Amino acid sequence: MVLDTPTLTRLALAALAAPLCAFAIAGLALRSRPRAAAALVIASGALTALATLAILALADAPIQQVWTWLRVGDTDLGFGVLLDPRSRLMGAVVGVITLLVQIYSTGYMAHDPGRTRFFALLALFEWAMLGFAYAPDLLQAFIFWELVGLASFFLIGFWYDRPEAIAAAKKAFIMTRVGDVAMLIGLVLLFALAGTLDIRESLDRLHSLLQGHGITSLQVEVAAALLFVGVVGKSAQFPLHTWLPDAMAGPTPVSALLHSATMVAAGVFLFARFEELFLLAPLTRSAALLLTAFTALLAALLASVQVDIKRVWAWSSISQLGTMLAGLAAGGLSSGLFHLTTHAAFKALLFLSAGALIHHYGTQDLRALGRAGARRDRLTMLGLLVGAAALAGIPGFAGFASKEAVLTAVHDVPGRAAATGFALLVIGAGFTAYYVGRVAFLLLRPTAAEPHEPTPPDAHGHPPTTAMSASILTLTLITLALAFAGPLVASLLGQPLPELALAHAVPGIAAVALGLAVAVFDFGRKSSAPPLFERVPALHGLLLRGFYVDAIYQRVFVGAARLCARALHFAETRLLDPAADGLARLTLAMGEGTARGQSGQLQRYIGVAALLLACVALWLGFAE
Amino acid sequence: MTALAPELAAAGSAIACFAASMARGPGVPRLTARVGVLGALVTLAAALLALTARAEPLAGVYVVDALSQFLKLGIASGVLVAALAATDSTSLRPSARGDLPTLIHLGALGMMLLSSAVELVTLYVALELSAYALYVLAALHRDQRMGSEGGARYLLFGAAASATTVFGITMLMGHTGTTQLTHLGTAPPPAALLGLALFLSGLLFKLAVFPFHAWAPDAYEAAPHPAATLIGTASKVAAIGILVRVLMAVGHSQLLVHLLLLASVASMTVGNLGALLQRNVKRLLGWSAIAHGGYALIGLVVASERGRAAALFYAVVYVVIGAGPFLVVTALGAGGRNPDRADLQGLARRSPLLAALLLVGMFGLAGIPPTPGFAGKWFLFVAAVERGAFWLVLVAAVNATISLYYYLQLIRDAWTGEVSPDAPPIVLTPSMRLAAVLVLAATALLGAFPGPVWDLAALAAGGSLPQ
Amino acid sequence: MSALAQIPILPLLLATPLACTLLTLVVPERLIKPLNATLSALALGLALALALGFDATTGGYQFAFVRPWIPAFRIQLDLAADGIAVLMSLLNAVVYFTGTLTMWSLNHRTREYFAFISLLVFGVFGVFLSRDLFAFFFFYEVAVLPMYPLIAVWGSTRKAYAAMKLTLYLMAGSALLFPSLIALYVLGGGDTWSIPELARRGFDPSVQVFLYPFLYVGFGILAGMWPLHGWSPTGHVAAPTSVSMLHAGVLMKLGAFGILRVAIGILPHGAEVWAPVAASLATAGIIYGAFVAWRQTDFKYVIGFSSVSHMGIVLLGLATLSADGTRGAVFQMFAHGVMTALFFSVVGFIYDQTHDRDIDHYGGLATQVPVAGTLFILAALCGMGVPGFASFVAEFLVFVAALQAWPVLGIIAIAGLVITAAYLLRVLGKALFGPPNPERAGLLDLRPVQALPRVILAGLLLLFGFVPQLALDLISHIGAVVK
Amino acid sequence: MTPLTAFNLCALALFCMGLYGVLARKNLIAMLIGVELMLNAASLNALAWGRYGLVDPAHAAVSGQILVLFIIGLAAAEAAIALAIILAVHRHRHSVDVDDLDTLEG
């Protein structure tokens, strides 16, 4: 069955309107009625999820419907929906994951005094992300892109009375804004080049302009590069990656949402949305591939030493986002988006189950969780393990298929950049398997007691509620099912997944196997031998501190900005202001001099006048 | 007779005041002051009545034309304010209070004669008549150290200036062969030019512009408040008027333009700088008067009909905006004491009327709309820019900015300061009240609708000399 | 519409605050506030009627009301409103009305305060609605000078210094304007002061190049142009709440309005020649203001320097001389006006209770005073240019235009967004969020009546954020100065 | 040298002397005398112009001689006022030294 265009448009609008209305009503009218607010938001989430799923399933040709939002001169700035395969897929991912997270949150946030606000913000988040996914227009895309950032700011900083939460939220907002600035410039450049704000039309025009030599390839490269900087910021790629691990300060459901279907996914989706543009910009594409592959490896390494379970998943997100982006940069649209889809599911699953454990045992420390008996929470552990297996890329699980698709896509690209990227990705996959194994073993086979970790803020000592368990279970099933969704995604996007040739798969599988083996060796047996990285304390320290990237940023960029601020503040208070005051003081001093010149000596007064008159007389004499 | 009505009214008022002061009894000062006010009202009415009069009595040495009648209107207004201020019973010792109205009217008579004089000797006599009255007025506080001192300085400086003037008159007369202003010609020989420069020095002295300005702060401070009011308002009108008349007659030679330009710029700068740090309100007004003389000169520097009209307009505006602060000083300076800024503290609480008067006056002097000071400056500046004097206007405008500093400080004192507990309550005589209301009303009217007065000024500047 | 055309709406709008000034001086003490509230509401109603009655499809000057004023100089009281004037009048009316409501608790010399405020508002309306250059400048100065007593008497922190500094700076600007405006009249033929007529006549290129900097700097000082902005933060800090609101919200716009209407409008060639300098200064202001705001510890100083930064965006938009840039600038004038008014009204509310504006002395205001806190956050979001708020579209238009006209400056200006976010988030993080400061536990939140004016302002920010067309329709007829 | 020039130069010298007296003498009375000298210089000048000069009765309403009469009269009045004020000064300070006039300054 295929729905007709008006129906689909209406569905899309409903999907957009529902969360916005829920946000407004919950935020304004239901401040003191958290249960009603939660119910309303979940209802809207369910509506949106159904609508997006229907749009995903029951459409064929791309639909674009734009209404004029405002007219500036001759330019129409539109608001509308673009329902093509990419946005339909993304929309459905957003709708489903958000709904599950919302349901989960009824349990997780049950005791939080600010839960009305929480649910309202979740709705806002969903609206923003969906609006971005469905955006047919550059400006609309940017608007919702910004709103996504804003919503995540408020959600990361949800517990705003905690300094670290606020710091993390600020960091997230400002670092992504660095990317946004580049992206805005890129969008304007794109607009200037193509002359339209319509995304698809502008891409078409770029193509023909480039062929007709209306524009240079350098201009396209610059525009693409600028957009890519936006992606880097939003998707937390190196070098703008440090905000994401800190974003853990938000409630765990937020992390689940942020890391899977929204926020960071926005960056990936932007890349996918402008895939055609990047195809026209080979240089940018190669650079992007290298950078993201490098990020994938780097983040996997860093994930391998974390003891905070949420941090492990956070670094793993960065690594996986790198993988997706590498796939997209390699031209594998369906590979990248397929990985986005599977990752959304299993990462949400991983976070939600981690949240359930944290909620129950009151700690985020992997070792402490293990010792506290995390393995007794059967359902939660099941979900966690399924997600972990998917993340590790164990054949048969969701992540395997999508990751292999990405690896193959990268491998299929000729050139040394792609080869390097492939190598980086494979090594990254190995480490991914390693840290996944590490987490699994630390939870399942607890080690001896160690100094107690501080209690995390959102611990309530409750086993997961039904709602939480239901969400986890649903996501587990989805994750399992997605292992077989590759062909569907490929046919939806109209680009087949690359053939899984054995030659390409071997390195990946081998890396995963090796990683798992090391993990078993390190954590799977009763042994006092330190694990892999702890054998090299220097490296371990380096990894724990994220290669000091954050510290360097603090020193260099934040420091430079502070220095700049200090210098300008100095200029203001010590130069400009005193200059103005000095001018005033000088005038006053002149005034004092003038008044003092009025000495009270009559003869001097007359003398001055006489002298000047004499001058006039002399002047006249000379003039004659 | 209508043609000479203002002069006759002024003379009559002077005589009536003198007669009243001759009477005996404790009520004499009050009586004299009332006669003075009455006389001032009559004079003003006469000036209004004679506004359109045109005549040439006295064999061509004296004219009644648009210029003279406009000036007389301005002078009469200033005299009215001064006469009203003279009713303040505390400003002067009783024995001198009778002299005050007499001398005010006598001075007014001199100024009126000055504005009609078109012949050098007549002009000289009128100049001296008005000056002598002012000398005595300035020294009227002879019981105080500063009274006689200020009077002496004013007089000696003035006498030297008038001697210079008359010396200049003789040179002019000799080199041109005439004492009629209209016959002096617009291209006199250089020696006559020197005579002209010397002659003008007396007029510039009267206007208190650089380099003949130094008497102003002293005389303002020393003079009784009503006398200072007269010196600060009506006298300026006469001085600007006669300068306009003389320059109209002799034309604007390059030399004169240069000299006046220097005098103008120097006056406004020196005046404003000198006023910046004054704490004594009257001294401050004295310095600021120097600056305003400089502004008014702009209209003469640019040597156009519109420039002259702007100068005349500014003179009348200056009467209106300058009167307010003097009234405030009169009300505050009991016993002839000169109020300083500390005495202004909390004025807004002690007397809102006076505070409003001060505010309006200060904004007016600073040239802020909706007071007429704005229109006055604007017209001057238009006339100047029309003749290409862009930089002169810039200098003047920067000067106006500097002047804001001290004007605003007075406002701040009046509006923010705390009332000191030993400050006596301010009692305003009905006449003072009337004066304050009149000044406020005139400020508002003239500020919002400067058109009619400008038309008069333009008419006055429009070549009114019999050719 | 036709009935509306019969009413002389512009004179009425102008007369309302003037009447308010005069009536305030004479009515009994207890009636002062109701009187002011009523008349400011009336002004708001008239401004709304003006906006609704304005025919945006034809554009141009409408509702003309012309009367001779000083015939000898051909000066006229020539009132007429184009779209920009309508939008700015609306802004003025909104801030006037809300500002009046925020000062309901004033009990120190109420009479004089409201008299001065309404005089100021009268001047501002006059500037926006005058087509005659003399009247324009007349009202301009009427609007500026009441600031002095308003700050010096009712202000706080270093009020005497701030008031004097502000006045002298602004009057120094006026000193530049005096000869230049008159030169426009004289060189324009000496027979008209009408701004559109002068613009139509055109001026010699050399004259334009000579006069433009005078006008630009003269008006620019009031617009908070870097590096002559020093008066503005100090003035903001010292001024009482509703004065800060009017000052930053409306008065600074007079400067930008003057640049647009007079400097650029009459001297387009001069504007073109000087545009690189103007754009550079504007960009410097954006960055400079943001960085300096980052270092401030006083709420009002932060907002004050943020005004320098945001007005830099306005000036940058004007300096592009393009249609979009100008539209963006005008819209930003409106958005920034409402936003700063909201900022100051909330900060003033807190300050009135604690007499302390040090950011470090607060914490968790969002918890302690949720309504006021939320309003502050909304204003901050608008300041950051977040979509959904009025300033987003405005800044977007300016940036697009700037990137096309001055790519490098445009990039620098856009990069300023990061610093803007940094300093606003710093305030939010320190004072609004974080652990509540127990010393401030006794803070009262806004009561509904107090919240009303602030909610109106916040609502406007959102309304114009979601439906920017409301404003853009009014200013759609702005054309490019340089094609 | 014509007599006119001689008289003019003489008058100029007289004027300068008077001015010097005003500027240099410390006694107020002496300063007043200086002023009188200046006035006399003017009188001399006027007389000379009236006698030898071109002052044309057809164009000049008054001649030099008449001006001199006015100068004399006004100088007398001026001297009266001046002496009265100087007397007042003396009453306060018991001095007529101009340097003792030192209250008003600034």
Side-chain angles (χ1 to χ4, degrees), chain B residues 306 309 313 348-349 352 355-356 359 362-363 366-371 374-375 377-405 407-409 411-416 444 447-455 457-459, chain C residues 18 22 25 68-73 75 77 109 111-112 115-116 119 122-123 126 134-135 137-146 148-149 151-155 159-160 163-164 167-187 190 193 210-211 214 218:
Chain B
R306 186 169 271 182
F313 180 77
R349 286 175 186 282
L359 180 91
M362 289 299 142
F363 276 5
I368 304 301
T371 66
F374 177 75
K377 284 217 176 67
W378 185 271
F379 296 159
L380 276 173
F381 292 173
V382 169
V385 175
E386 266 179 349
R387 302 297 295 245
F390 185 87
W391 297 108
L392 175 59
V393 172
L394 189 64
V395 170
V398 168
N399 256 298
T401 306
I402 295 174
S403 73
L404 263 176
Y405 178 80
Y407 291 135
L408 289 180
Q409 280 203 324
I411 293 177
R412 183 164 66 87
D413 290 334
W415 284 75
T416 63
F449 305 103
V453 177
W454 168 267
D455 291 340
L459 193 65
Chain C
L18 183 63
L22 299 175
L25 291 174
W69 188 357
I70 309 174
F73 284 83
I75 290 169
L77 183 67
R109 297 201 192 171
R111 189 186 299 279
E112 295 98 316
F116 280 127
L119 185 64
F122 164 68
F134 173 84
F137 194 56
F138 181 93
F139 287 119
Y140 182 85
E141 301 238 319
V142 169
V144 168
L145 252 288
Y148 182 80
I151 294 177
V153 178
W154 291 273
K159 57 186 179 182
M164 185 59 81
T167 317
L168 290 184
Y169 258 93
L170 300 188
M171 284 296 126
S174 290
L176 297 177
L177 293 177
F178 250 122
S180 340
L181 293 181
I182 293 172
L184 289 180
Y185 161 75
V186 170
L187 297 172
W193 293 94
F210 175 77
L211 282 181
F214 285 91

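Being a predicted model, the structure only gives us computed values, none of them experimental. Just so it is clear: chains get the letters A, B, ... in the order the sequence lines come, proteins before strands, and each one is counted from 1.
Of all the listed residues (B:Gln409, B:Lys377, B:Arg349), the one sharing the greatest number of non-hydrogen pairs under 4.5 Å with chain C is B:Arg349. Your options are B:Gly388, B:Gly451, B:Pro452, B:Pro370, and the one with the most heavy-atom pairs under 4.5 Å with chain C is B:Pro370.
Annotation for C:Ile182 and B:Val382: closest pair CG2-CA, 3.4 Å, computed over non-hydrogen atoms. Among all heavy-atom pairs drawn from B:Val398 and C:Ala175, the shortest one is N-CB, 3.7 Å. The two atoms that bring B:Arg412 and C:Ala152 nearest to each other are CD-CB, 4.1 Å, heavy atoms only. Minimum heavy-atom separation, B:Thr401 to C:Leu168: O-CD2, 3.4 Å.
At least one side-chain heavy atom of B:Arg306 sits under 4.5 Å from a side-chain heavy atom of C:Phe73. Counting heavy atoms from C-beta outward, B:Leu404 and C:Tyr148 have side chains that stay 4.5 Å or more apart. Looking at heavy atoms from C-beta onward, C:Phe116 lies in side-chain contact with B:Leu359 at the 4.5 angstrom threshold.
Here CG of B:Leu394 is found 5.5 Å from CZ of C:Phe214. Values are rounded to the nearest 0.5 Å. Taking CD of C:Glu112 as the start and CH2 of B:Trp415 as the end, the distance is 5.0 Å to the nearest 0.5 Å. Going from atom CD1 of B:Ile411 over to atom CG of C:Leu145 covers 7.5 Å, rounded to the nearest 0.5 Å. In this structure, C:Arg109 CZ and B:Thr416 OG1 are separated by 7.5 Å, a value rounded to the nearest 0.5 Å.
Using a 4.5 Å cut-off between heavy atoms, C:Ala160 touches chain B through backbone and side chain atoms alike. With a threshold of 4.5 angstrom between heavy atoms, B:Phe379 approaches chain C through its backbone and through its side chain. Neither the backbone nor the side chain of B:Ala389 comes within less than 4.5 Å of any heavy atom in chain C.
Between C:Phe138 and B:Phe374, the ring-plane angle classifies as perpendicular under the 30° and 60° cut-offs. The aromatic rings of C:Phe137 and B:Trp378 lie tilted to each other, with the angle between the two planes from 30° to 60°.
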